[in-house]
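So the structure is just underneath, and the comments pick up after that.
Reminder, nothing fancy here: chain letters follow the sequence lines and each chain counts from 1. None of the values given here were measured: they were computed from a predicted structure. Just so it is clear, the values below take in all heavy atoms, side chains as well, and ignore hydrogens, waters and symmetry mates.
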Amino acid sequence: MTIDYSELLHAFRPEACLVAGALLVLGLDLATGRGRTAERRARNAALLGLLALAAALAATFAAAPTGPVAAGTMLLDPLARVTRTGVLGLALLVLAATPGTLRLPHAAEYVALLLFATAGFTLMAGTTSLLLGFVALELASVALYLLAGFDKSRPESAEAALKYFLFGAVAAAFLLFGFSLLYGLTGALELPGIARGLAAQPVSPLLLVAVVMVLVGFGFKAAAAPFHLWAPDAYQGAPAPAAALIASAAKLAGLAFFLRLLESGLTAPAADGPPAPWTGALAVLATLSLVVGNLAALGQGNVRRLLAYSAVAHAGALLLGVLVSGRAGPGPVVYYAVTYGLATVGAFLVLAVLDGQGGAQAHADLAGLRRRSPLLAGVLAACLLSLAGIPPFAGFLGKFLVFAEALKAGGPASLPGAIALLAIALSAVALYYYLIVLKEALVRAPAPGAPAIRVPAGAALSLIATVALLLALGLLPDLLLRRF
Amino acid sequence: MSPLQACLVFSAALFSLGLIAVLVRSNAILVLLGVELMLNAANLNFIAFWRYGPTPAEGHGVVFVVFALAVAAAEAAVGLALVIALHRHQRNVHLGDARRLHG
Amino acid sequence: MIALAAIALCTLAAAAVALALRDLIHSALLLIASWVGIAAFYLWAGAEFVAFAQVLIYVGAISMVVLFAVLLTRPPTAPVSPARSGRAVPGFLAGGAVLGLLAGAVLSSPLPAGTDATPAFGVRELGLKLLVPHAGALLATGALLTVALLGAVVLAAGRGKEDAP
Amino acid sequence: MMHLPVQLTWLIPTLPAAAAAVIAVVPARRPGLGAGLALAALAGSLILAVLALGGALADPATRLTHTFTWFAVGHGAIRLGWLLDPLGTLLAVMVAAVGLLIFTFSLGYLREDPRAKQFFCFLSLFAGAMLGLLLANSLLLLFVCWELVGLASYLLIGFWFQRPAAAQAARKAFITTRIGDLGLLLGLVWLQDATGTLLLFDGGRGVLEAEALSTLAGATTVGGLAVSTAIGLLLFCGAAGKSGQVPLHVWLPDAMEGPTPVSALIHAATMVAAGVFLVARVFPLLAADLALPLAPVHALSVVAAVGAVTSLFGAAVAVAQDDIKRVLAFSTVSQLGYMMLAAGTGAWTAAIFHLLTHACFKALLFLGAGSVIHATHHEQDIRRLGGLRERLPVTGATFAVGMMALAGVPFLFSGFWSKEAILHAAHGWAVSQLPFLVALAAVALTAFYMTRLLAEVFAGAPRGHGAETAHESPAVMTIPLVVLAIASVSLGFLGTPWWPWLQRTLDPTFKAEAGGAGLMAVSIALVATGILAGWTRYGRHPRSDARAPDPLARSVPRLHGALAARLGCDELYAATLGRLNAALAAAASALDRSVWDGCVRFLARLGVYAGIVSRETDEKALNGGFNAAGDGLRASGRAYARTQTGDAHGYVWMLAAGFVLLALGALLGEAR
């Protein structure tokens, strides 16, 4: 058995760009950084990082979907391509906003970690192997734990990182244990082999335990209740760009990975057999997330925690999308995740800019944002309205697609249909808490003496691009949907 | 109880032991070690399944354990670095004291 | 089977005592014993290379890091024992429930019988596997270790003059 | 004459919407620029709408549609489209024309407001969305515009957000209408599921065409209802919310907290009529169950009943209000009920006729009220006005025209003819005479309260400082009044029984009702009675003192008190839904104390939450403001958030417990 290394390189070209870029960033900083101002070093590192991301994006675009590669550990299909493009784009937006907003030492290391995390995301997007998937997941997670704790001057950052890490590590242990059981039951590590192995045996208790352990890992990545408890603390304590990445790209990549795992690994190939063993548990997670996320968000006076709880609620909708993706294909749920990621990135980047100028935690810190910076207020409004599902922003269509598929799957009386109805009813609640934030930003007068806010050029560009993408995807969803 | 089942019960016990450590101990370093035990338990499973499984020649279990060991090492390093970072701010490593973020 | 029972008992006992002790140094030493027990299990199962790696990584590297961390974070005064909190009972309940669930599932599921003969899987086969089907994972693991090293150094390093606010 | 190609329909709504986007980024220092842009864009839309109307009138029987694929998903595609038919284009012309007049009026009304730029931005957004709603050939596109209209209305009601009442009213309007919209959305999803499309007309495959209608009417669902009835009623929920039908009317009077031009444009002439338009638009769907004699209930009967109740309720409550805008607001509620009544009795053309005339004279009345308020330094209490006839001659004269049109003074005024059409339809309705009798009562009441309003405001002597120092408003405000007054007279002649041009245009199969002279005489007599009664009580001896009690309060104090309190409708909500909520909360706290703390607390919170949601519609939410309900909601959220203790052990414990419960559930589920 041999392997064609040129094919391997072809398959992993985006990751190669990212890793090479990360090493270059570190090397360049080591070689030339001494004696330069911290700001200059940060700008250089960010520029190089942007180049690496752009190269990876170009490589992703250039690669046509070709099917299984790298000895069957990767599958380059439309899902992988769209997800890779999505995570790279989201990382690009986050990194572009970094210079001028995040004033941290060790900027080169920060950029390198961001690139490594993105490499983990792109690997997760296409892997069909438990082994590669686990390593990629850990690569992304470890880099994110570190990014969350990167602000050494604030105790909150360290605490957030430690809690995130602890929860993540326990979830990873559960996931690994689940993987070991799946391996034991089927003797295979690649998803097609696992599916074949499972088709040949009845559903055993051990398989159910393994499936639930996999769902624990998924629930952690997606911040689904009751595995969401880390999210509010991590979102609040982490530096805003890191939180943006955790909430957007990490979620998209995790969605793609677990979607593939559940759909092509843990579902019997027979089309009209009994429902897959994960259906019930996933439905429970989706329902819990919708209720808990929306209710808890209502009580929040802190913008970031509010975004975290709303993330839990959105995780419920995402899980609902996964639940019906067998029938509808991955299009709607990936569209949802991409547009949700965009809106979240926009909201967190607004907070990141504010962090550079006095901080923004409580709702009241946003008071008078419209006067202090119309751009920030406008972007925040667009992103929150998209999260709330108000047309013409893309969030509306994401909700529409997922809920419509769920209702189509069996009418309002079926399980997905009932969850969709619940989600529709709760979206009215969601609107309320988003409007509370918007009221502060758009309507309240600023605190006396609050200065105008200067938005750094990179952040401004990135914010405008985010809103433009939200609008473009909302009005022309075919840009994304026809890739499937 | 077949030997394979014995191995699996052994690993289940180790996994639960690690989990209990995570849940009960308040020193962050011991909590991390509990997580390491949980990862070790999963590795025991891989080896046991490889030993008694249908396709030992493929060596999937062994390969996975090699990677899992590397992952565990990375997690340990990062976890301990985070514990030290927390120690810098609160001068101890009690998880119960890390409650700035809540609600 | 008897060897297995002995290994399991020693490992579990060492781990349990380690996690119950108050003194962290003693805990760390006992944990090393438990990791050695796991390595013994790998030897018993015929996975020599994995046993070797386990000793190298856990006994050689991780335990050192843990010891360092313990020394670095040790409180200046004598260790104060934290008061018994209300966590113990729910913690043991949850852990016991997980154990019961896992063991119950194991005992009630049909499992492949396998053979008594120890399978042969030498270092050469392992190397081939690593290089051929799992080359991608190998590269990713390299990146992961780089990340861990880089991040751990940045985060654990004390605040130099450039970190000062 | 040149006609607008249907492919270019999108220009009509897009022009104002684009203007809104441009105005948003124009610097605030140049308010004139924003206003000019808004006016120019709407004028452009008006011209295009007139061209479109010309095309639609040239051949009313064939509908011009333009359909395009928005995006494809899975095996299907979502298609949207535009539709140019007499119904949509006629209303589009009306919206653009009335909007243009109100934009002009706003130039004067908001001259001193520093945020005028924003105002025009929101108004333009509203106009764009409203035009899109009227011209959409897809219920999905209609829904999108419908929500945007609601958003613009929210922004405009709350425009003077410094006033707490305005902010509360805005939120109340948004949430109440959203309750209705929930029904609309469910109806749309069901419709899409049942027919596979949301296009109205699609060459035989649209939801309003014979094939889909017979499918929908043929299938039955719970309780023996035809699917078409169920969907139709769900759609009607949305219409009832937007058009302020009882019991979802509570938001409309409060919406008068917005600037008066907003009240005129949105809450009198256009947006609130969107519900009536929707009913007219999907009329074939609502009427599809008429062919089923055994159906337990016909959708149209519900529409007619709701409309009848609303028209009587609004008119009765308007009698006892003291705020000039509130009188007009309840009058709007009543007139909207009237239109629904017409649509429910099958005469949707009469409903649209009344919609058009009402838009003109109600906009006129609101702008007249705005002129009064502007001239008297924001005095809205009619007891402190009075004697404005001499001081505001133009406003007074045009207001009187509007009053007579609304009251239905015979022959010359448009309201008379459209009201006649509705009465005829209700009289001819075979199912029940009740709506007809209710409508007759409302006619008399309407004449009565409008006479009262006119007499209190314009007759007698000034009774307050504002009224004493009033001066006529500038020309930019009075000219729109005059134009609207002329329209209020002339529009009526488009639909007289002898020449029902409008009805025939809208519905080529329209047949004029026979034998109306007797009925007309009855209605004229009722109008005369109403005006006479109003005049004897309020006009002949005008009150001399602002604190003097209302004549009606002297003669029938209890009735007057009940009406002034809006018939206790809001209190009723508080007593029922609010008490339910209290019971749920009590149950929740009882459960809280029990052993199953964690799990049960969650369920109980859910119960409290359900109670709070229902309470959103009630009086407590009204007076204590939506803040009270909002605070209740947020308190339950905070209670939940307290489980987020910050303790990392607790988090991991939750993970373990979640795993155990999920796994046990999966095992038990599999064993079963």
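Considering only heavy-atom pairs separated by less than 4.5 Å from chain C, the leading option among A:L207, A:L181, A:L208, A:L113 is A:L113.
Heavy atoms of A:A112 lying under 4.5 Å from chain C belong exclusively to its side chain. For a residue to count as touching a neighbouring chain, one of its non-hydrogen atoms must lie under 4.5 Å from one of that chain's; by this rule A:M74 does not touch chain C. Within the 4.5 angstrom heavy-atom criterion, no atom of A:Q201 approaches chain C. For A:L123, the part sitting under 4.5 Å from any heavy atom of chain C is the side chain, from C-beta outward, and nothing else. For A:L26, the part lying under 4.5 angstrom from a heavy atom of chain C is the side chain only.
Looking only at side-chain heavy atoms (C-beta outward), A:F150 and A:S157 stay at 4.5 Å or farther from each other. With contacts defined as side-chain heavy-atom distances shorter than 4.5 Å, the pair A:T118/A:L53 qualifies.
Heavy atoms only, all atoms of each residue included: A:F121 and A:A250 are closest at CE2-CA, 3.6 Å. Taking each heavy atom of A:M124 and A:A140 in turn, the nearest pair found is SD-CB, 4.3 Å.
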Give the table of side-chain donor-acceptor pairs shorter than 3.5 Å for residues 41-50 of chain C, with sequence neighbours excluded, one pair per line with atom names and distance.
none

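Note on ring orientation: taking the six-membered ring where Trp is involved, the planes of C:Y58 and C:W35 are tilted (angle from 30° to 60°).
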Between A:T122 and A:E15, does the side-chain hydrogen bond (donor to acceptor under 3.5 Å, both in side chains) criterion hold? Intermediate values first, please. CA-CA 7 Å; A:T122 55; A:E15 289 79 12; 2.8 Å; yes

Worked check of side-chain contact (heavy atoms from CB on, under 4.5 Å) between A:L18 and A:F116: CA-CA 7 Å; A:L18 293 171; A:F116 276 123; over 6 Å; no

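For a heavy-atom cut-off of 4.5 Å, chain C lies close to A:L131, A:L132, A:V135, A:E138, A:L139 in residues 130-139 of chain A.
A distance of 12.0 Å separates OG in A:S129 from CG in A:L75, rounded to the nearest 0.5 Å.
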